[in-house]
Amino acid sequence: PDKLRYTPLRFDLSGNILELAIPDNVSPDMPPTELIPVFDIEASKSFGDANRVALMKVMYDFPRPGWRKRDYGSMTVTLRVHQKPVSYTGDIFQREHLIKAVQVDLKNDYQPFNDKVMKDGLAAGRLEYDLLGEIIWFSGNTDEEIQDHMLNGKLWIEHFITGLEYHRVYCTALSNNTYLSLDFEDMHANDTYFTEMYEVSSPYSDAILKTIQLSLRGVQDVKFIQKE
């Protein structure tokens with residue numbers, strides 16, 4: 001990635017400015033797209049029923065050496081802005097409250113799917129053990145499952161999604177009502193171990209993360225309180 005050309009992107013989110021750069025050698029199936037370079041985070045209706053909006057999505061393919069071998073797989077990078085769950089009132093500029101808000105969103109997204117998989121599978125006579133690879137595991141609220149990252153002076157938390165899907169997701173607060181997520185989803189080929197896919201995709205995700213610059217409107221100091 002250090003030898004690649006990059007495309008800079010800039011997002012204006014009601015005066016909160018996010019800048020990052022993405023490598024140019026993207027998948028022809030999903031070219032670099034600046035879907036929404038300007039977005040009003042203060043207009044609740046703009047988020048829709050899902051309470052989130054994709055600002056940018058791009059994909060990278062990872063071929064194996066040699067023309068006869070299949071690719072390792074692909075990585076999709078999605079930048080989203082989320083509206084804080086209505087049911088959650090904590091100040092998400094504080095780390096523990098952001099984690100809890102993210103967890104509410106993850107449970108709303110994935111628990112109904114997991115419940116249906118287990119119910120249908122058990123009704124069909126399958127064992128619970130057989131269904132474990134078909135559900136989606138999202139991280140809990142423990143420090144062991146959440147990692148902290150300082151990106152250009154701002155604290156981002158990283159959580160993981162595994163099982164049927166594999167994601168590394170970085171989140172940070174934009175305001176007390178909204179937060180950003182940068183989602184790196186690894187989609188490995190059937191003959192590729194997840195660890196192999198991670199080895200080839202993580203240099204790209206790391207390279208993107210290093211370019212991040214976020215300026216928050218009206219926030220002079222870093223209020224995002226880290227764990228002790």
Side-chain angles (χ1 to χ4, degrees), residues 1-13 16-39 52-66 69-82 95 98-99 102 138-139 145-162 165-174 178-189 192-216 222 224 226:
D2 292 339
K3 299 179 181 179
L4 298 174
R5 296 175 61 88
Y6 289 77
T7 295
L9 299 176
R10 183 180 188 273
F11 299 89
D12 185 339
L13 310 171
N16 302 290
I17 306 301
L18 173 69
E19 296 178 306
L20 55 82
I22 56 174
D24 285 348
N25 62 328
V26 300
S27 168
D29 296 329
M30 190 177 292
T33 305
E34 197 171 4
L35 297 176
I36 307 177
V38 179
F39 184 79
R52 63 179 179 267
V53 172
L55 303 174
M56 179 272 296
K57 182 175 288 190
V58 65
M59 180 184 290
Y60 295 92
D61 296 327
F62 299 99
R64 292 179 183 270
K69 295 183 178 180
R70 296 179 60 186
D71 292 350
Y72 288 104
S74 301
M75 177 179 71
T76 299
V77 185
T78 308
L79 173 68
R80 297 183 178 92
V81 60
H82 303 249
R95 176 184 181 274
L98 177 63
I99 291 173
V102 169
F138 46 94
S139 64
E145 295 175 306
I146 300 292
Q147 296 185 11
D148 294 346
H149 300 270
M150 293 300 294
L151 305 177
N152 193 240
K154 299 291 188 298
L155 180 66
W156 295 61
I157 60 168
E158 179 187 10
H159 68 82
F160 305 93
I161 299 169
T162 58
E165 300 178 1
Y166 291 88
H167 301 252
R168 291 164 281 139
V169 188
Y170 297 76
C171 299
T172 194
L174 271 180
T178 57
Y179 68 91
L180 282 173
S181 70
L182 187 58
D183 180 351
F184 301 95
E185 180 181 5
D186 288 314
M187 297 164 286
H188 56 93
T192 300
Y193 290 109
F194 172 72
T195 52
E196 289 183 283
M197 180 63 197
Y198 176 77
E199 287 179 1
V200 297
S201 68
S202 59
Y204 279 71
S205 58
D206 291 346
I208 294 172
L209 291 169
K210 289 178 181 178
T211 70
I212 286 180
Q213 297 186 54
L214 176 61
S215 299
L216 299 182
V222 177
F224 198 174
Q226 302 184 56

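Just so you know, these numbers come straight off a predicted model, no measurement behind them.
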### Query
Quick one: ring-ring contact (aromatic ring centres under 6.0 Å, His included) partners of His159, sequence neighbours excluded?
none
### Query
Does Arg168 have any side-chain hydrogen bond (donor to acceptor under 3.5 Å, both in side chains) partners at least two apart in sequence or in another chain, and if so, which?
Asp186, Ser201, Ser205
#### Entry: Results of ring-ring contact (aromatic ring centres under 6.0 Å, His included) for Phe62 - residues two or more places apart only
Tyr204
#### Entry: Residue pair Pro23 / Ile208: nearest heavy atoms and the distance that separates them
CD-CG1, 3.7 Å
### Contact check, side chains of Val102 and Tyr179, non-hydrogen atoms, under 4.5 Å
yes
### Query
Does some side-chain heavy atom of Leu216 sit less than 4.5 Å from a side-chain heavy atom of Lys154?
yes
### Query
To the nearest 0.5 Å, what is the distance between CG (Leu9) and CG (Leu79)?
9.0 Å
### Message
If you compare all heavy atoms of Asn25 against all heavy atoms of Tyr60, which two are closest, and at what distance to 0.1 Å?
### Response
O-CD2, 3.5 Å
### Task
Kindly indicate, with the supporting measurements, whether the criterion side-chain contact (heavy atoms from CB on, under 4.5 Å) is fulfilled by Asp148 and Leu155.
CA-CA 7 Å; Asp148 294 346; Leu155 180 66; 3.7 Å; yes
### Query
Who passes side-chain hydrogen bond (donor to acceptor under 3.5 Å, both in side chains) against Glu158, sequence neighbours left out?
His149, Tyr170
### Message
Do Gln213 and Arg10 make a side-chain contact, defined as non-hydrogen atoms from C-beta onward lying under 4.5 Å apart?
### Response
no
### Worked verdict on Ile146 versus Arg95 for side-chain contact (heavy atoms from CB on, under 4.5 Å)
CA-CA 10 Å; Ile146 300 292; Arg95 176 184 181 274; 3.6 Å; yes
#### Entry: ring-ring contact (aromatic ring centres under 6.0 Å, His included) involving Phe39 - partner list, sequence neighbours excluded
Phe47
## Note on the structure
Of all heavy-atom pairs linking Asp61 and Ser27, the shortest is OD2-OG, 3.0 Å
### Query
With a 4.5 Å limit on heavy-atom distance, are the side chains of Leu55 and Leu35 in contact?
no
### Task
Answer yes or no: is there a side-chain heavy-atom contact under 4.5 Å between His167 and Phe160?
no
### Task
Calculate, to the nearest 0.5 Å, the distance between atoms CD1 and CG belonging to Ile161 and Asp183 respectively.
6.0 Å
#### Entry: Side-chain donor/acceptor of Ser215 to backbone N/O of Ile17, under 3.5 Å
no
### Query
Salt bridge check: are Lys57 and Glu185 linked by an N-O gap of less than 4.0 Å?
no
### Task
Would you check if Thr76 and Met187 make a side-chain contact, meaning some heavy-atom pair closer than 4.5 Å?
yes
### Message
Side chains of Ile22 and Thr211, heavy atoms from C-beta outward: is any pair under 4.5 Å?
### Response
no
### Message
Ser181: which residues meet the side chain to side chain contact (heavy atoms under 4.5 Å, CB included) condition with it, sequence neighbours left out?
### Response
Arg80, His82, Val169, Cys171
### Task
Would you please name every residue forming a ring-ring contact (aromatic ring centres under 6.0 Å, His included) with Tyr72, sequence neighbours left out?
none
### Query
Could you state the interatomic distance from CG (Leu180) to OG1 (Thr172), rounded to the nearest 0.5 Å?
7.0 Å
### Task
Identify the residue among Leu151, Leu98, Leu209 that makes a side chain to side chain contact (heavy atoms under 4.5 Å, CB included) with Trp156.
Leu151
### Query
Do Leu18 and Asp12 have side-chain heavy atoms sitting under 4.5 Å apart?
no
### Query
Are the side chain of Thr178 and the backbone of Leu174 linked by a donor-acceptor contact shorter than 3.5 Å?
no
### Query
Where is the tightest heavy-atom contact between Ile36 and Ala54, given as atom of each residue plus distance?
CD1-O, 3.7 Å
### Query
Who passes salt bridge (Lys or Arg N to Asp or Glu O under 4.0 Å) against Glu165, sequence neighbours left out?
none
